[in-house]
Amino acid sequence: MTTYVVSREVLASNIRQLKTQAGAVPIWAVVKGDGYGLGVLPLAETLSEEGITHFCVTDVKEAEILRDNSFTEEKILMLRSVCDRREINRLLDLKVILTVGSEETARLVDQIAAERADVAEVHLKIDTGMGRYGFLPEQTDRVISLYAERKHLAISGIYTHFNCAFNNEALTRQEFAAFMGVVEAIRAAGQETGTVHCCNSAAFLKYPEMHCDGVRLGSALLGRMPFRTKLHPVGYAVTNIDEIRTLPKGHTTGYSALWKAKKDTRVAILPVGWYHGFRVSCQPELARKRDCLRAALSAVKQLLRRKRATVLIGGRQCPVVGAVGMLHCAADVSGVDCKCGDPVTVQISPLHVKGMPVVFRA
Ligand SMILES: *Cc1c(COP(=O)(O)O)cnc(C)c1O
């Protein structure tokens, strides 16, 4: 059976490395998207074993999983500015810190907390460019007045979320300056901002001066960043060879006949395809002309480098041949000591993995 294997030790070593880099600044571990594909609970358990006590979620369900599984004292921050009565009530039951990114949410959360004779702990969200949740820096005066006006909100933090930390330093610095401008204005008005945080994984790794009072890390835990790091990729699929064939010279494999045997070729057939997340990546939006140009350039680069996908069989990296199908692919195993049923290691990002059980091992 094909399984997705996660080494606790590799994950733990990434966490330790990130903790060292964070120094005294707490890591708020992001466990959204079912723990980036690893499962909220097993990911959170490993984080907890390594001393992480702060978590971020984007779904009520994720908070429930944590609270139901003895994560009772940990801080949990909801990253969405929720505007649904039932969700807000449930999150308050679960003692989750809410995000307030608009006047409407501020009013609603304040009102619900009042009805419950409660005080809702919240972090304010500032929109410095992402253009999703948050108050604009131009609305700083309104933000400041929330501290006094909303008696049932305990504002214990303020944050922003960078949109280009991985590829645009100038813009990120500009966004950081805008964010700190809001923070300073609030302080100048005599209010306590609480925990100030803005870094996601990319910003954390690239700009230590922006760590502030906390950092929100997700993808770095997985060790798969779009730039070079010392982190280790977490997770890989293990499957078995279904069939071994010798395809005669001139024969093809896979849809569209993209590969043709130049000579008689020994090929292993594997029950893994794009459905499982193999060779799946987030394609950039080709919205602007320059994005199309960039994509074309990267295609040419790939063509020149001829960087083919490989899978690990019998201790050797074997090139994948032909198009990867929905559930199958083929690998050239010429000269590799292997037989039907032998194990195969396939690199798949946990973000894309699907259709196989995720197993944590020591
Ligand atoms: C997903 C998310 C993060 C973590 O981003 P990574 O790049 O995966 O580290 C941080 N903050 C917010 C608001 C997010 O939505």
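The figures that follow rest on heavy atoms only: side chains count, while hydrogens, waters and symmetry mates do not. Order of listing sets the numbers, starting from 1, for every ligand and every atom in it.
- For the residue pair Arg16 and Ser13, no side-chain donor N or O sits within less than 3.5 Å of a side-chain acceptor on the partner.
- One side chain, Thr128 or Thr160, offers a donor N or O that lies under 3.5 Å from an acceptor on the other.
- A parallel orientation is assigned to the rings of Trp28 and His197, their planes being inclined by less than 30° (bins at 30° and 60°).
- A heavy-atom cutoff of 4.0 Å around ligand 1 is satisfied by the protein residues Val30, Lys32, Tyr36, Leu79, His161, Asn200, Ser201, Arg216, Leu217, Gly218, Ser219.
- Every residue two or more places apart in sequence or in another chain that forms a ring pair (Phe, Tyr, Trp, His ring centres under 6.0 Å) with His211 is listed here: Phe204.
- For the residue pair Arg279 / Gln347, no side-chain donor-acceptor distance below 3.5 Å is found, with atom types taken as modelled.
- Aromatic ring centres of Phe71 and Phe55 lie closer together than 6.0 Å.
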